[in-house]
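Indexing begins at 1, ligand by ligand and atom by atom, following the structure's order.
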Amino acid sequence: MRALMQDKPLLISSLIDFAAQYHSDSEIVSRTVEGPIHRYTYVEAQARSKRLANALQRLGVELGDRVATLAWNGYRHLEIYYGVSGMGAVLHTINPRLFPDQIAYIANHAEDKYIFTDLTFVPLLEKVAPSLTTVKGYVIMTDEAHMHETTLPNALCYETLLAAESDDYDWPQFDEMTASSLCYTSGTTGNPKGVLYAHRSTVLHSFAVCMQDVLGLSSRDTVLPVVPMFHANAWGLAYAAPMCGAKLVMPGAAMDGESIYQLVDEEKVTMSAGVPTVWLMLLAHMQEHGKKLPHMDRTVIGGSAAPQSMIETFERDYDVTVIHAWGMTEMSPLGTTGVMKSKFAELPFDEQLEYKVKQGRVVYGVELKIIDDDGNDLPHDGVAFGHLMVRGPWITNGYFKGEGGEVLDADGWFDTGDVATLDGEGYMQITDRSKDVIKSGGEWISSIDLENLAVGHPDVAEAAVIGIAHPKWDERPLLVIVRNPGSDVTKDAILQYMEGKIAKWWMPDDVTFVDEIPHTATGKIQKISLREQFAGYKLPTADAAE
Ligand code: AMP
């Protein structure tokens, strides 16, 4: 029997319409690339998105066409989110931290028709533009006063484009499975691959973000997404904030500790989200200047494992609850978040930490399981670890244009490439990326666990662990460390600090110091480059074994 319920498609345009109608005085505050702070409300954001939709129509953009952005988090980027997807075109958010030839590759692969760019990225695009085969024109996201000479062909000024249009526009209604946006994964091997989101998956994911047990976003929040809008749609916050009418604070290009602190403090930010490296900068700034976070209630840390020392600092020194979160571009991105169950929240803080360092527990809508190398299901006992598989309505079923071939198994599970444990409460803990796990004597050592432990040492700024070939054990861990400025901490001191905190056979065979650890375009440690850098490295334990 079919239900008697209205079949109203879940469309992204409905999010901004709702915010404009019912949260008309909620603000969007942006630090602009031009300098000043810009401030307006959802009403103006909606009106300008509609102007943009009219402008895109006039430029010949049609349903399904790809329109790209190279932009920081800011109000114009938000208008493009809604204008492009709202009219039925596909918003392609390009990560400007990619190499120019990767940008050219993905813009050509996506067949972008127009590219919208912040002033910051005009020089980068000027270099890339001659290789772009489908782009008809470029829109520079500024006003006439800030436009300058450019070699970009068909360069238009964003504000001039909008000024010529009316905000009278009815969002078209279409199938909710229509593609809404496209985001390429940074791809640790081979070319980046495109994840193509739907209106439906995006709206469902936004509901999840707002759930109390997920990120609990509400109209009472002022949210600062430090995570970029070019990285998995700012973890869905650019959609979830209008869904609940939260005030949005956009940091623009300034991610340094002082700039982020200023926005958090002046705008009374209650909730924020970003990768651990960003929080390291904020914490360092606050520690140096004796600052506090009186308004902030919680912060979301994800993208890489949140070190225990960072969780402790936020919670103990600043009274900010850490929500450790895990997900991936292919998952819109949320899969697990670490909001405590009440029975754990009642535990003493030291015991809670055991759960807080885990990547959180499963979000309704996402199914998780772990399997061994032969595909057998492993128990959810918090001990057994295996390949983490996911399934759900906001998880990809294949990359754009079929790149990478079939990505689901016969039962529709997607292999995340992560190795993890799961427990009966739904808590998941990442052991490693399957490519990074260190295989020692037939057993696995988690590089993440060793890194997290090492960064807890007060003289360590950053740590990375890679497996080095070993004649007896196959691989053994090498710990690579960036010291804090002014520190001359030694290998022995580091190893002494780690001793007793992990199994003996997990102890690194060697520690080496570098000035810098390479990062990917999304801020993760680039293990591939590290492995290249240390190719042929001889561990001090190798000789004895030969
Ligand atoms: P991306 O698609 O760039 O967001 O990368 C997704 C990958 O980042 C995941 O598959 C994990 O390997 C890693 N990742 C994301 N969040 C976490 C986390 N909280 N802890 C450890 N790894 C994470």
Side-chain angles (χ1 to χ4, degrees), residues 93-95 97-98 102 106 181-189 192-197 205 214-215 225-237 273-279 299-308 310-311 314 322-339 355-363 366 368 370 385 387-390 394-396 399 404 407 414-422 427-437 446-452 455 463-465 519-528:
T93 49
I94 300 180
N95 185 339
R97 297 189 185 124
L98 294 172
Q102 283 179 311
I106 65 173
S181 60
L182 177 63
C183 186
Y184 281 71
T185 60
S186 39
T188 42
T189 51
K193 295 194 269 302
V195 179
L196 191 61
Y197 306 101
H205 182 265
V214 179
L215 303 185
V226 186
V227 51
M229 292 166 79
F230 53 75
H231 185 193
N233 306 314
W235 297 348
L237 291 170
V275 295
T277 27
V278 167
W279 301 130
T299 191
V300 185
I301 308 183
S304 303
Q308 179 171 325
M310 181 177 285
I311 298 175
F314 265 117
V322 169
I323 304 181
H324 194 181
W326 165 86
M328 43 190 327
T329 306
E330 287 87 338
M331 301 176 67
S332 297
L334 283 185
T336 58
T337 60
V339 177
Y355 291 92
K356 286 183 182 280
V357 294
K358 295 190 179 215
Q359 273 70 13
R361 59 196 164 84
V362 65
V363 170
V366 175
L368 299 182
I370 43 175
F385 51 89
H387 304 284
L388 181 63
M389 312 290 287
V390 291
W394 55 78
I395 296 168
T396 188
Y399 293 103
V407 298
F414 176 83
D415 185 347
T416 61
D418 288 325
V419 173
T421 64
L422 281 172
Y427 278 92
M428 186 275 285
Q429 184 159 25
I430 299 267
T431 309
D432 229 323
R433 288 295 291 166
S434 49
K435 290 188 282 291
D436 298 336
V437 75
S446 159
S447 66
I448 294 186
D449 280 3
L450 298 185
E451 287 158 8
N452 283 348
V455 293
V465 172
H519 289 98
T520 68
T522 50
K524 300 185 209 305
I525 294 173
Q526 199 158 36
K527 296 270 171 98
I528 292 195

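- For ligand 1, the atoms lying closer than 4.0 Å to a non-hydrogen atom of Q359 are 18 (C), 19 (N), 20 (N), 21 (C).
- Atoms of ligand 1 found under 4.0 Å from any heavy atom of H231, numbered from 1 in the order shown, are 1 (P), 3 (O), 4 (O).
- Remark: distances from the non-hydrogen atoms of A232 to ligand 1 are all 4.0 Å or more.
- Of the candidates D418, L388, T421, I370, L388 is the only one forming a side-chain contact (heavy atoms from CB on, under 4.5 Å) with M428.
- Proximity of S304 to ligand 1, defined as any heavy-atom pair under 4.0 Å, is confined to the backbone N, CA, C and O atoms.
- The closest approach between a heavy atom of D418 and any atom of ligand 1 is below 4.0 Å.
- Close approach of ligand 1 to W326 (heavy-atom distance below 4.0 Å) involves ligand atoms 9 (C), 11 (C), 14 (N), 15 (C), 16 (N), 17 (C), 23 (C).
- When only interatomic distances are considered, the shortest N/O to N/O separation between I448 and ligand 1 does not fall below 3.5 Å.
- Checked against side chain to side chain donor-acceptor pair (under 3.5 Å), D432 has the following partners two or more places apart in sequence or in another chain: S447.
- Within the structure, the closest approach of A306 to ligand 1 does not fall below 4.0 Å when heavy atoms are considered.
- Of the polar atoms of I430, none of the N or O atoms is found under 3.5 Å from an N or O of ligand 1, judged by distance alone.
- Here the side chain of W326 pairs no donor or acceptor atom with the backbone of G335 at under 3.5 angstrom.
- Between V465 and E451 there is a side-chain heavy-atom pair separated by less than 4.5 Å.
- For atom 19 (N) of ligand 1, the nearest non-hydrogen atom from the set G417, A325, A420, G360 belongs to A325.
- In this structure the side chain of F230 reaches within 4.5 angstrom of the side chain of R97, judged on heavy atoms.
- Looking at L215 and L334, their side chains come closer than 4.5 Å, going by heavy atoms from C-beta outward.
- Heavy-atom contacts of R433 reach the following atoms of ligand 1: 9 (C), 10 (O), 12 (O) (cutoff under 4.0 Å).
- Residues meeting the side chain to side chain donor-acceptor pair (under 3.5 Å) test with E330, sequence neighbours left out: Y399.
- Ligand 1 places these atoms under 4.0 Å from at least one heavy atom of M328: 2 (O), 4 (O), 6 (C), 10 (O).
- A donor-acceptor pair under 3.5 Å is formed between the side chain of K524 and the backbone N or O of G303.
- The atoms of ligand 1 that sit less than 4.0 Å from any heavy atom of T329 are 1 (P), 2 (O), 3 (O), 4 (O).
- Counting only distance, with no hydrogens or angles, the side chain of T520 and the backbone of Q526 share no donor-acceptor pair below 3.5 Å.
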